[in-house]
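Everything below concerns the one structure shown next.
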Amino acid sequence: MRDLLELRDEIDEIDQQIVELYQRRMGIAEEVASYKIKNSKKVFDKERENSKLSKLTALGETEFNKHGIRELFEQIMSVSRKRQYQLMTESGIYEKPNFTEVEALDYKKARIVFQGVEGAYTQLALKEYFGEGVDSYHVDTWRDAMEAITRGEADYAVLPIENSSAGIVSENYDLMVEYDHCIVGEQIIRIDHALLGLPEAELSDITDVYSHPQALMQCSKYLEARRDWEKHSVKNTAMAAQKVKEDGKVHKAAIASTLNAEIYGLKVLDEAVQDNQTNATRFIIVTNRHIFVKDAKKISICFEVPHESGSLYHMLSHFIFNGLNMNHIESRPVQGKNWEYRFFVDFDGNLNDAAVQNALRGLSEETIRLKILGNY
């Protein structure tokens, strides 16, 4: 048996040869990019890559080596494509997304729509973002809000997208795919839930609690300790408070903000009933115009990938190779396709950044479908 140091020396020698061959290969890949630039050809040729991978894999002497060879060359080809995307961007070949840069959002004369009724958390986010005294109105559902900006009845809509305790508002993720609207801003507000009842009610009277499903989830520990209470879902926390007021029954209570106690003349029966005392919700500001502020720092996209092993890994590598910080990823089932998913990603950057353009170019060529949801 050979000495370990001798074996390691031989591995070092082989690794040096691999590095030299890799750099030689990348040099040729750059020549390929120059040819594609000159002849207006796409970088990604899936059929050729699959054919080449099959031939290379067949050279493996064992099943383990065959698997390793395929994985190795998938990575080499992926890196080669990324270098070619960079060279194309450097050559000025980049199909800019259908977004217009603006100096700032103009909402002095804007009309803003939100879902719910007076006192909804969405209204609080609206006021925090746009300020007091803006022209705003409410509708029954989130879809109604999206339809309002589609028809031009409102300039902006405010939608909850994610809660720190209960997770994403999945319906609004799906609506962002369905509608050709654009995220232009976000607002995070702290969520403090209270239990509200009629002025004459006491905590011992309560048998039925009303709130939005997410609010009920955010107060699950509090409600779990009161298993005899019936839980009822409504469209909005403020609607729950409104219902308790209108029904006039002492055994009914709502989980909503304390602001709703003032608006609807209710009594705060219990405060801070949420599980997480740092509970917060992120709201997005949406418009029907494809615009972004010039100093925007965050991009939201969604994409679908081939239903193949390693697909998501290869898509996410576009962020890694371009030095982009990805700070959020979610998946949603693709309607009508069992076990296939659409991925939503938030990452730092601006549509004018070369690194962003490289990543988006690669994603647009290699995903089944890519949509830029906004830069804000």
Side-chain angles (χ1 to χ4, degrees), residues 113-126 137-147 157-175 189-283 332:
V113 63
F114 67 96
Q115 181 269 342
V117 294
E118 197 73 18
Y121 281 112
T122 309
Q123 186 185 35
L124 299 180
L126 184 156
Y137 72 105
H138 55 83
V139 291
D140 286 341
T141 68
W142 294 316
R143 182 178 290 278
D144 290 340
M146 297 294 265
E147 283 291 333
V158 182
L159 304 173
I161 199 72
E162 178 189 12
N163 177 265
S164 59
S165 299
I168 66 169
V169 184
S170 56
E171 183 182 340
N172 286 340
Y173 273 84
D174 295 340
L175 287 174
I189 66 167
R190 179 171 172 169
I191 304 296
D192 282 314
H193 291 311
L195 187 72
L196 311 180
L198 294 176
E200 62 272 25
E202 298 297 334
L203 194 58
S204 58
D205 296 323
I206 303 306
T207 61
D208 292 76
V209 178
Y210 297 80
S211 198
H212 184 270
Q214 282 236 339
L216 295 173
M217 287 173 61
Q218 292 161 24
C219 303
S220 60
K221 291 180 181 178
Y222 181 83
L223 295 172
E224 183 67 19
R226 296 156 179 81
R227 295 188 180 184
D228 55 326
W229 289 2
E230 288 287 333
K231 292 86 176 176
H232 306 274
S233 296
V234 295
K235 293 179 181 178
N236 186 276
T237 54
M239 286 181 176
Q242 186 182 53
K243 177 176 176 57
V244 169
K245 175 64 176 178
E246 291 175 353
D247 288 356
K249 305 290 186 181
V250 293
H251 68 276
K252 293 185 177 183
I255 289 178
S257 73
T258 53
L259 174 63
N260 287 280
E262 300 173 24
I263 294 173
Y264 297 105
L266 298 175
K267 177 181 177 181
V268 177
L269 299 175
D270 211 347
E271 291 186 287
V273 297
Q274 69 273 10
D275 301 340
N276 180 1
Q277 296 307 309
T278 59
N279 189 26
T281 294
R282 180 166 70 101
F283 295 82
R332 291 282 301 143

Approximate separation, where rounding is to 0.5 Å, of [X] [atom1] and [Y] [atom2]:
| X | Y | atom1 | atom2 | value |
| --- | --- | --- | --- | --- |
| N260 | K245 | CG | NZ | 13.0 Å |
| L175 | T141 | CG | OG1 | 8.5 Å |
| E118 | N236 | CD | CG | 11.0 Å |
| L195 | L203 | CG | CG | 6.5 Å |
| Q115 | D140 | CD | CG | 8.0 Å |
| L216 | T237 | CG | OG1 | 10.5 Å |

Task: Option from I161, N172, L159, I189 for which side chain to side chain contact (heavy atoms under 4.5 Å, CB included) with F283 holds - done: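 Testing F283 for a side chain to side chain contact (heavy atoms under 4.5 Å, CB included) against I161, N172, L159, I189 leaves exactly one candidate, I189.
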Task: Candidate list E162, Q214, H212, test side chain to side chain contact (heavy atoms under 4.5 Å, CB included), partner V169, passing option - done: Q214
TODO: Apply side-chain contact (heavy atoms from CB on, under 4.5 Å) to the pair Y121 and I191, showing each step before the final yes or no.
DONE: CA-CA 8 Å; Y121 281 112; I191 304 296; 3.6 Å; yes
[X] (side chain) donor-acceptor with [Y] (main chain) under 3.5 angstrom:
| X | Y | value |
| --- | --- | --- |
| N163 | A280 | yes |
| Q123 | G119 | yes |
| W229 | L223 | no |
| R190 | Q277 | yes |

TODO: Consider only side-chain N and O atoms of N279 and Q218, and report whether a donor and an acceptor are under 3.5 Å apart.
DONE: yes
Open item on the list: Under 3.5 Å, is there a donor on one side chain and an acceptor on the other for T258 and D192?
Closed with: no
Task: Non-neighbouring partners of H251 that pass ring pair (Phe, Tyr, Trp, His ring centres under 6.0 Å), sequence neighbours left out - done: none
Please give me the minimum heavy-atom distance between [X] and [Y], naming the atom from each residue.
| X | Y | answer |
| --- | --- | --- |
| P199 | G265 | CG-O, 3.4 Å |
| F114 | A120 | CE1-CB, 4.4 Å |
| V250 | A201 | O-CB, 3.7 Å |
| V268 | A261 | CG2-CB, 4.0 Å |
| I255 | C219 | CG2-SG, 3.9 Å |
| D275 | K221 | OD1-N, 3.0 Å |

- [ ] Please name all residues satisfying side chain to side chain donor-acceptor pair (under 3.5 Å) with E202, sequence neighbours left out, ordered by chain then number.
- [x] K267
Open item on the list: I'd like to know whether CD of E271 has more than 12 heavy-atom contacts from other residues, nucleotides or ligands below 6.0 angstrom.
Closed with: no
Open item on the list: For R332, give me all partners under side-chain contact (heavy atoms from CB on, under 4.5 Å), at least two apart in sequence or on another chain.
Closed with: I168, S170, Y173, D174, F344
Task: V244 and L196, any side-chain heavy atoms less than 4.5 Å apart - done: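 Not touching, per the 4.5 Å side-chain cut-off.
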Task: Side chain proximity check, T278 to S164, heavy atoms < 4.5 angstrom - done: no
TODO: Decide whether a cation-pi geometry holds between K243 and Y210; the criteria are a distance under 6.0 Å from NZ or CZ to the six-membered ring centre and an angle within 45° of the ring axis.
DONE: yes
